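Have a look at the structure below before the remarks.
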Amino acid sequence: MIRQFALLATTALMIGLAGCTTVAPVTENADTPATTEAPAESTVEESAERDSPESVTLPEAPPAGTDAAIAWEALMGPDGEYHASASYLAVIEKFGEVEPYVSIRAAEDRHSSALVRQLERLGIEVPENPYLGRLQAPSDRTTAARAWADGEVANIAMYDTLLAQTDDAALFRVLTNLRRASADVHLPAFQAAAEQGGTLTPEQMAEFQTGRP
């Protein structure tokens with residue numbers, strides 16, 4: 001009888017321990033990813049890296065400290081015109097021909113052409129836009145508008161830095177015009193779009209373009 005009771009007690013203890021094992025994950029630190037979720041997290045990180053500007057292979061830049069390097073950065077850098085144009089095209093391909101992306105992308109292409117002409121004047125051969133087809137649009141239009149408002153702020157800061165580095169009159173004039181377009185047209189257009197669902201009407205966009213250089 002005593003042996004049967006001991007056997008029953010041992011069995012009950014094992015069942016209790018098993019119950020504790022199944023409950024333990026509930027008390028896990030919420031900041032620590034669960035083991036079963038690790039593959040999904042890795043996939044997201046790989047996707048983000050694949051579509052980031054840093055993952056795009058860029059041609060070799062002109063020597064640092066030259067006017068050609070300044071124009072190259074304005075065109076080819078992560079805050080430059082090629083990247084902006086490809087970003088806006090990604091939004092258009094995902095959400096359709098919506099403003100302010102259609103008009104601002106057309107402007108970015110004009111800006112790119114102006115920088116290409118400066119680089120060619122300085123003896124640099126310019127490749128096609130390496131960012132095309134490599135960037136993804138945000139998940140919704142409001143997020144996109146907010147993101148590209150931030151992008152225009154970074155673009156303006158880039159031009160402030162580059163303008164302080166050149167004495168070339170023609171290049172200085174081009175950089176000044178492009179900075180003004182970002183500050184006076186593109187940034188306020190994206191800020192307004194972010195406040196009304198991520199887009200503007202063609203009429204609203206036309207109002208922002210009044211001061212276009």
Side-chain angles (χ1 to χ4, degrees), residues 49-93 99-138 144-191 205 208-213:
E49 175 63 24
R50 183 177 64 252
D51 297 315
S52 69
E54 293 78 8
S55 68
V56 177
T57 301
L58 301 178
E60 184 178 357
T66 64
D67 288 320
I70 293 171
W72 183 274
E73 180 66 17
L75 178 66
M76 201 76 66
D79 298 318
E81 304 300 331
Y82 267 173
H83 183 266
S85 178
S87 298
Y88 304 151
L89 179 60
V91 174
I92 293 169
E93 289 176 341
E99 294 290 3
Y101 299 96
V102 172
S103 295
I104 294 182
R105 181 175 186 257
E108 301 295 3
D109 288 345
R110 291 193 298 271
H111 298 174
S112 296
S113 296
L115 290 168
V116 167
R117 289 192 294 271
Q118 290 300 307
L119 284 163
E120 290 175 344
R121 175 178 68 85
L122 296 167
I124 303 299
E125 183 177 349
V126 184
E128 295 296 319
N129 189 338
Y131 296 104
L132 290 175
R134 301 298 303 277
L135 306 177
Q136 290 184 346
R146 289 171 179 164
W148 305 135
D150 292 341
E152 291 294 341
V153 170
N155 179 264
I156 293 165
M158 176 196 71
Y159 280 121
D160 286 340
T161 299
L162 298 180
L163 281 164
Q165 298 175 3
T166 182
D167 293 324
D168 184 288
L171 179 58
F172 189 91
R173 181 175 63 253
V174 169
L175 298 180
T176 299
N177 288 342
L178 302 190
R179 184 199 182 283
R180 185 168 67 246
S182 292
D184 295 351
V185 182
H186 302 180
L187 176 56
F190 280 123
Q191 289 172 330
M205 188 63 219
F208 284 106
Q209 289 177 304
T210 302
R212 183 182 62 187

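This one's a predicted model, so the numbers in the text were calculated from it and none came from an experiment.
Listed by chain and residue number, Ala154, Met158 satisfy the side chain to side chain contact (heavy atoms under 4.5 Å, CB included) test with Asp79 (two or more places apart in sequence, or in another chain). By the side chain to side chain donor-acceptor pair (under 3.5 Å) test, Asp160 is found to be paired with Arg179, residues two or more places apart in sequence or in another chain being considered. Scored by the salt bridge (Lys or Arg N to Asp or Glu O under 4.0 Å) test, Arg146 finds no partners at all (sequence neighbours excluded). Under the rule for a side chain to side chain donor-acceptor pair (under 3.5 Å), Ser87 has no partner lying at least two apart in sequence or in another chain. Every side chain to side chain contact (heavy atoms under 4.5 Å, CB included) that Ala145 has, sequence neighbours left out, goes to Tyr101, Ala193, Ala194. Under the rule for a side chain to side chain donor-acceptor pair (under 3.5 Å), Asn129 has no partner lying at least two apart in sequence or in another chain. Val102 pairs by the side chain to side chain contact (heavy atoms under 4.5 Å, CB included) definition with Ile92, Glu97, Glu99, not counting sequence neighbours. The side chain to side chain contact (heavy atoms under 4.5 Å, CB included) test applied to Pro63 returns Thr66, not counting sequence neighbours. Under the rule for a side chain to side chain donor-acceptor pair (under 3.5 Å), the partners of Tyr88 that lie at least two apart in sequence or sit in another chain are Glu152.
Of the inter-residue distances, the one linking Ile70 atom CD1 with Leu171 atom CG reads 6.0 Å to the nearest 0.5 angstrom. Considering CG of Leu75 and CH2 of Trp72, their distance stands at 7.5 Å, rounded to 0.5 Å. To the nearest 0.5 angstrom, Glu108 atom CD is 10.0 Å from Leu115 atom CG. The distance from the CD1 atom of Ile156 to the CG atom of Leu187 is 5.0 Å, given to the nearest 0.5 Å. Between atom CD of residue Glu73 and atom OH of residue Tyr159 there is a gap of 10.0 Å, rounded to the nearest 0.5 Å. The distance from the CG atom of Asn155 to the NE2 atom of His83 is 11.0 Å, given to the nearest 0.5 Å.
Leu175 is not listed as a side-chain neighbour of Asn177, based on a closest heavy-atom distance of 4.5 Å or more. The side-chain heavy atoms of Arg117 and Val174, taken from C-beta on, include no pair separated by under 4.5 Å. Taking 4.5 Å as the limit, every side-chain heavy atom of Phe208 sits out of range of all side-chain heavy atoms of Pro100.
Nearest heavy-atom pair across Ala144 and Pro138 is CA-CG, 3.6 Å. For the residue pair Pro127 and Pro59, the shortest heavy atom distance occurs at CG-CG, 3.4 Å. Residues Val56 and Pro130 approach most closely at CG1-O, 3.4 Å, considering heavy atoms. Residues Ala68 and Leu119 come closest through the heavy atom pair O-CD2, 3.3 Å.
Between the side chain of Arg105 and the backbone N or O of Ser85 there is at least one donor-acceptor pair closer than 3.5 Å.
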Please evaluate residues Tyr82 and Leu58 with respect to the criterion side-chain contact (heavy atoms from CB on, under 4.5 Å), reporting the C-alpha separation (whole Å), side-chain torsions for both, the decisive distance (0.1 Å), and the verdict. CA-CA 11 Å; Tyr82 267 173; Leu58 301 178; over 6 Å; no

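Sorted by first and then second residue, the pairs that involve residues 165-174 and meet side-chain hydrogen bond (donor to acceptor under 3.5 Å, both in side chains), not counting sequence neighbours, are Asp67-Thr166, Arg121-Asp168.
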